[in-house]
J.: 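Pasting a structure below so you can have a look.
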Amino acid sequence: MTHSALSPEPFVILGMPRTGTHYLEALLNEHPNVLSNGELLNTYDTNWPDKDRLLRSHRELLELAYLRFPRRSDKKVTHVGCKINEPQFIERPGFFDELARWPGLKVIFLYRRNTLESLRSLEQARQSRQWLKFTSDDDAAPPPRVKLPIASCEAYFNAAEDFHIRVEQSFASASLLEIEYERLLSEPAACLETIWDFLGAPSLQHSGRAILQRQEWRPLDETVENFDALRRYFADGPYARFFEIDDEFVSKG
């Protein structure tokens with residue numbers, strides 16, 4: 001099946017785990033003409049009624065995402081998307097290349113300034129089984145402190161860097177928008193204006209209603225049990241910047 005001129009314009013949100021893709025998607029879905037349907041490659045994502053969809057070919061999955069997607073009666077959809085995290089491409093070899101060939105695709109790449117924060121958040125969520133924090137969860141206990149093996153840190157840092165490079169090399173600059181998670185938290189209205197312009201969607205004033213909240217505000221040295229040991233190990237390498245606590249960005253936005 002070919003991409004029809006009458007079909008909504010396609011986009012995808014890409015990122016490493018725990019980089020704010022859920023938060024960004026919630027903001028995008030406030031727009032009456034924009035619909036993002038969650039994690040296409042996650043079996044348990046409730047946006048997709050077809051639980052057997054992952055048995056389909058790469059092409060069939062993308063047709064499901066962009067041509068036969070779940071619709072909402074309250075929207076006149078002109079821009080349709082989904083989100084995919086880096087490990088899901090590893091679990092499904094060849095899918096990234098098929099995605100890159102989809103005609104007219106716009107890519108929003110979300111990243112964190114400090115990749116160690118992303119890994120810490122991932123491990124906290126795994127241990128607590130609390131993957132999202134909603135506005136109504138203000139009395140929830142803080143995420144647990146975690147211990148991160150050196151090998152896990154190295155592998156994650158390398159994967160994040162390689163994925164960023166792969167995305168930049170696979171999509172034309174006019175089709176790729178990179179958004180920093182920390183800026184999205186502190187300046188959501190400005191980031192959304194940039195995204196609406198990038199997608200070609202009508203401008204929409206940000207409501208300011210935050211459904212999802214950041215789960216962890218404490219600094220890394222208070223939440224990673226072996227932080228000092230990790231800092232010594234990575235001190236002379238390219239990832240030493242992730243352990244510079246004095247320069248760490250902290251925001252309440």
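Both backbone and side-chain heavy atoms feed into the values below; hydrogens, waters and symmetry mates do not.
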J.: Taking the six-membered ring for Trp and the single ring otherwise, decide whether the centroids of H164 and Y111 are under 6.0 Å apart.
T.: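 Centroid distance H164-Y111: below 6.0 Å, so yes.
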J.: Nearest 0.5 Å, what's the CD-OG1 distance between E39 and T46?
T.: 10.5 Å
J.: State, with a plain yes or no, whether a side-chain heavy atom of C153 is found less than 4.5 Å away from one of F242.
T.: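 No; the side chains remain at least 4.5 Å from each other.
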J.: With side chains defined as the heavy atoms from C-beta onward, is the minimum distance between L27 and H206 less than 4.5 Å?
T.: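 Touching, per the 4.5 Å side-chain cut-off.
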J.: Indicate yes or no: at least one non-hydrogen side-chain atom of P8 is less than 4.5 angstrom from one of T78.
T.: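 In short, these two side chains do not touch, never coming nearer than 4.5 Å.
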J.: Rounded to the nearest 0.5 Å, how far does OG of S57 lie from CG of L62?
T.: 8.5 Å
J.: Under the ring pair (Phe, Tyr, Trp, His ring centres under 6.0 Å) test, which residues partner H58, sequence neighbours left out?
T.: F95
J.: A cation-pi test, strictly: NZ or CZ of R166 under 6.0 Å from the centre of the six-membered ring of F96 and no more than 45 degrees from its axis. Yes or no?
T.: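 Positive - R166 is close enough to the ring of F96 and near enough to its axis.
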J.: Can you tell me how far apart OG (S152) and NZ (K147) are? Round to the nearest 0.5 Å.
T.: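 Those atoms lie 12.0 Å apart.
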J.: Got more than 12 heavy atoms from elsewhere within 6.0 Å of NZ, K76?
T.: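 Atom NZ in K76 is not crowded, with 12 or fewer foreign heavy atoms closer than 6.0 Å.
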J.: Looking at CG of L230 and CG of L116, how far apart are the two atoms once the value is rounded to the nearest 0.5 Å?
T.: 7.0 Å
J.: Are I150 and F227 joined in one hydrophobic group, where the rule is that I, L, V, M, F, W and Y side chains link up if heavy atoms are under 4.5 Å apart?
T.: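 Yes, I150 and F227 fall within the same hydrophobic cluster.
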J.: Between L24 and L184, is any pair of side-chain heavy atoms under 4.5 Å apart?
T.: yes
J.: I'd like to check the side chain to side chain contact (heavy atoms under 4.5 Å, CB included) partners of L54; sequence neighbours left out, ordered by chain and number.
T.: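 Checked L54 against side chain to side chain contact (heavy atoms under 4.5 Å, CB included); matches are L41, T43, L61, R92.
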J.: Do L148 and Y156 have side-chain heavy atoms sitting under 4.5 Å apart?
T.: no
J.: Assign the ring pair Y239 / F234 to parallel, tilted or perpendicular, where the plane angle (0 to 90°) is split at 30° and 60°.
T.: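 Perpendicular: the ring planes of Y239 and F234 meet at over 60°.
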J.: So do P10 and H79 actually touch side chain to side chain, heavy atoms under 4.5 Å?
T.: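 Heavy-atom side-chain distance check fails, nothing below 4.5 Å.
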J.: Is it true that R126 and E123 have a side-chain N and a carboxylate O under 4.0 angstrom from each other?
T.: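 Yes, charged N to carboxylate O under 4.0 Å.
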J.: Under a 4.0 Å threshold between the charged nitrogen and the carboxylate oxygen, would R56 count as salt-bridged to D50?
T.: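 So D50 pairs with R56 through a salt bridge.
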J.: Quick one, L99 and L105 - any side-chain contact, counting heavy atoms below 4.5 Å?
T.: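 Yes, their side chains come closer than 4.5 Å.
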J.: Under a 4.0 Å N-O cut-off, is there an ion pair linking K83 with E25?
T.: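 A salt bridge is absent here (no side-chain N lies under 4.0 Å from a carboxylate O).
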J.: Taking the inter-plane angle between the rings of F243 and F157 on a 0 to 90° scale, is it parallel (under 30°), tilted (30 to 60°) or perpendicular (over 60°)?
T.: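 Aromatic pair F243/F157 classed perpendicular.
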J.: Y181 ring centre to R183 NZ or CZ under 6.0 Å, with the angle to the axis within 45°?
T.: no
J.: So, do L192 and L204 sit near enough that their side-chain heavy atoms are less than 4.5 Å apart?
T.: no
J.: To the nearest 0.5 Å, what is the distance between OG1 on T194 and CD1 on I179?
T.: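 Going from the OG1 atom of T194 to the CD1 atom of I179 covers 6.0 Å.
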J.: What I want to find out is whether K106 reaches E9 closely enough, with some N-O distance under 4.0 Å, to be called a salt bridge.
T.: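 Answer for the salt bridge query: no.
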J.: About how many Å separate CG of L177 and CZ of F171, when rounded to the nearest 0.5 Å?
T.: 13.0 Å
